[in-house]
Amino acid sequence: MIVFFLKLLLAHLAGDFLLQPRSWVEKRKTQVGYLLLHIAVHAGLLVLFFLPELNVRWPLIVFVVCAHLVIDSFKILMERIWQRQPFRIFWIDQVLHLLTLGFITVYQYGFPEAWWTALISVKSMLYLIALLLITCVSPVVLRLFFFKWEKEKELHSKAESSLVDAGLLIGIMERLLIVLFIQIGFLSGIGFLLAAKSIFRFGDLAKAKDTKFTEYVLLGTLASFVMGIAIGYGLLLSIRQFT
């Protein structure tokens, strides 16, 4: 089962990234021949990887190739509608491809009972809760925490000069790293992370010479780290207690 899925995944990665020039990606938006050429490359890779068992696997190969054509056609449509959101389109496209490969694998071999047990285990649910706390709950809590300072004009002017949602994404990623470091026992990594962020921020704060902005950044950093550490240790202790 694993070998079957890895062959599908290898063909997908090679066809979508290694053997697809950037020019094909651009030209297939207006010239269907390049899309069909890309699909043909995928078909060739699948045939190559499953050559010893081609007489048995060919219906599945045909399904994967047709699904790839449909998904890529849908991607081209999304690119025309959402021209300024290439990253989101990329992830939707790749998730659909991976779901297709997973569906084919499960259809061929069935879903192992051990996987069901792992998915609904206490540990899996604890990890999922921690992920939701990091990515969904903590940004809301921090936004409410800083609500009283939203009307500060100095802070608004600084916010307008930064990337859209950059602070949100940086905060989520740093909390993910903090929780990961706690789970693997690499506590010094938290110190390195704080030091690295401080170094990168030092230049901005020194140039700004703005006490309010400095306090705002310091509060945001410490609040994010406190939440990350709380979630990390909460997850660690819960796993030890309940699993």
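Because the structure is a prediction, the values reported are computed rather than measured.
Residues passing the ring pair (Phe, Tyr, Trp, His ring centres under 6.0 Å) test with Tyr109 are Phe4, sequence neighbours excluded. Val95 meets the side chain to side chain contact (heavy atoms under 4.5 Å, CB included) test with Leu99; sequence neighbours excluded. With sequence neighbours excluded, the residues satisfying salt bridge (Lys or Arg N to Asp or Glu O under 4.0 Å) with Glu26 are Lys29. Residues satisfying the salt bridge (Lys or Arg N to Asp or Glu O under 4.0 Å) criterion with Asp16, sequence neighbours excluded, are absent altogether.
Here salt bridge (Lys or Arg N to Asp or Glu O under 4.0 Å) pairs that include residues 184-196, with residues two or more places apart or in two chains, number zero. Here side-chain hydrogen bond (donor to acceptor under 3.5 Å, both in side chains) pairs that include residues 231-243, with residues two or more places apart or in two chains, number zero.
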I would like to know whether Ile2 and Thr105 meet side chain to side chain contact (heavy atoms under 4.5 Å, CB included); could you show each step before the answer?
-> CA-CA 9 Å; Ile2 296 298; Thr105 305; over 6 Å; no
List the steps and the verdict of side chain to side chain contact (heavy atoms under 4.5 Å, CB included) for Leu194 and Glu174.
-> CA-CA 9 Å; Leu194 181 58; Glu174 73 186 14; over 6 Å; no
Start with the C-alpha distance between Val179 and Leu236, add both sets of side-chain angles, then the distance that settles side chain to side chain contact (heavy atoms under 4.5 Å, CB included), and finish with yes or no.
-> CA-CA 9 Å; Val179 172; Leu236 184 65; over 6 Å; no
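Between Arg84 and Glu79, no side-chain nitrogen of the basic residue sits less than 4.0 Å from a carboxylate oxygen of the acidic one, so the salt-bridge criterion is not met.
Using a 4.5 Å heavy-atom cutoff, the side chains of Met78 and Ile92 are in contact.
Neither side chain, His12 nor His97, offers a donor N or O lying under 3.5 Å from an acceptor on the other. Side chains of Ser224 and Thr221: a donor-acceptor N/O pair is absent below 3.5 angstrom, by distance only.
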